[in-house]
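Some notes on the structure that comes next.
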Amino acid sequence: CCFFSFSPKIQANRIVRAQLWVHLRPAEEATTVFLQISRLMPVTDGGRHIRIRSLKIDVNAGVTSWQSIDVKQVLSVWLRQPETNWGIEINAYDAKGNDLAVTSAEAGEDGLLPFMEVKISEGPKRIRRDSGLDCDENSSESRCCRYPLTVDFEDFG
């Protein structure tokens, strides 16, 4: 149902946290909902998806909610092997078999589609080196250094 693409600039070893957020429609009665996330795979010998996460949630009647589920491991795999990212299937079945997960926006559900929140660690900060030595014509410095330069534009005309 859902495909998330990622910038190649994100490196798998820098991921601190990755959460998939799913909005649940209201249930008719208080019930237990099973939120399941599965990785989609190319159709081969009958298998089309691999379940990666499952979450049991108790919900009250008539209440909508956002639920988050950890997807750090699957995101790390996708970043190391982008060709394995075929998307994911999201289901949230109540006791009667109704799927309460918002995976395609119906009327009044703008802004309720699943999204992924990813926190990455910052790389090491670049340190600016000392910009060098200042010298004058009397310096005995053997390393590379800056000399003052004066230009008189009147001499150039």
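This structure is a prediction, so every number in the text was calculated from the model and none was measured.
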Problem set entry | Residues forming a side chain to side chain contact (heavy atoms under 4.5 Å, CB included) with Glu83, sequence neighbours excluded |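 With sequence neighbours excluded, Glu83 shows a side chain to side chain contact (heavy atoms under 4.5 Å, CB included) to Gln81, given in chain and number order.
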For this session: Taking side chain to side chain contact (heavy atoms under 4.5 Å, CB included) as the test, write out the residues that go with Val63, two or more places apart.
Result: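 If we apply the side chain to side chain contact (heavy atoms under 4.5 Å, CB included) test to Val63, skipping adjacent residues, the hits are Asn60.
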For the residue pair [X] and [Y], what are the closest heavy atoms and their distance?
{"X": "Ile15", "Y": "Ser76", "value": "CD1-OG, 4.0 Å"}
{"X": "Pro26", "Y": "Thr64", "value": "CD-CG2, 3.4 Å"}
{"X": "Thr31", "Y": "Ala27", "value": "CG2-CB, 3.8 Å"}
{"X": "Lys72", "Y": "Val16", "value": "NZ-O, 3.7 Å"}
{"X": "Val77", "Y": "Arg39", "value": "CG1-NH1, 4.2 Å"}
{"X": "Gln19", "Y": "Asp70", "value": "OE1-CA, 3.7 Å"}

Hey, can you pull the donor-acceptor pairs under 3.5 Å for the side chains in residues 2-9, sequence neighbours left out?
| from | atom 1 | to | atom 2 | distance (Å) |
| --- | --- | --- | --- | --- |
| Ser7 | OG | Lys9 | N | 3.0 |

For this session: Starting from Trp21, walk the hydrophobic network (Ile, Leu, Val, Met, Phe, Trp, Tyr; side-chain heavy atoms closer than 4.5 Å) and list everyone else you reach, by chain and number.
Result: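 Traced through the cluster, Trp21 reaches Trp66, Val102, Leu112, Leu113, Phe115.
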Exercise. Do Ile10 and Leu75 share a hydrophobic cluster (ILVMFWY, side-chain heavy atoms under 4.5 Å, transitive)?
Worked result: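 Ile10 and Leu75: one cluster.
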Exercise. In terms of hydrophobic clusters joined by side-chain contacts under 4.5 Å, are Tyr93 and Val59 together?
Worked result: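 The answer is no; the residues belong to distinct hydrophobic clusters.
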Note, [X] side chain near [Y] side chain (heavy atom, < 4.5 Å):
{"X": "Leu20", "Y": "Ile88", "result": "yes"}
{"X": "Lys96", "Y": "Glu28", "result": "yes"}
{"X": "Leu55", "Y": "Val33", "result": "no"}

For this session: For Arg17 and Val118, indicate whether the former's side chain and the latter's backbone hold a donor-acceptor pair under 3.5 Å.
Result: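 Such a contact is absent between Arg17 side chain and Val118 backbone.
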Got a second to check how far [X]'s [atom1] is from [Y]'s [atom2], nearest 0.5 Å?
{"X": "Ile90", "Y": "Leu35", "atom1": "CD1", "atom2": "CG", "answer": "7.5 Å"}
{"X": "Leu40", "Y": "Thr84", "atom1": "CG", "atom2": "OG1", "answer": "11.5 Å"}
{"X": "Ile57", "Y": "Gln67", "atom1": "CD1", "atom2": "CD", "answer": "4.0 Å"}

Exercise. What residue pairs, at least two apart or across chains, pass side chain to side chain donor-acceptor pair (under 3.5 Å) with a residue in residues 97-106?
Worked result: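 Residue pairs passing side chain to side chain donor-acceptor pair (under 3.5 Å), neighbours aside: Asn91-Asp99, Asp94-Asn98.
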Exercise. Take atom CD in Gln73; do more than 12 heavy atoms of anything else shown fall under 6.0 Å from it?
Worked result: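 It does not: Gln73 CD has 12 such atoms or fewer within range.
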Exercise. For Arg53, what residues pass the side-chain hydrogen bond (donor to acceptor under 3.5 Å, both in side chains) criterion, not counting sequence neighbours?
Worked result: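 Expected list: none.
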For this session: Tell me yes or no: between the side chains of Ser38 and Gln36, is some donor less than 3.5 Å from an acceptor?
Result: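 No donor-acceptor contact under 3.5 Å links the two side chains.
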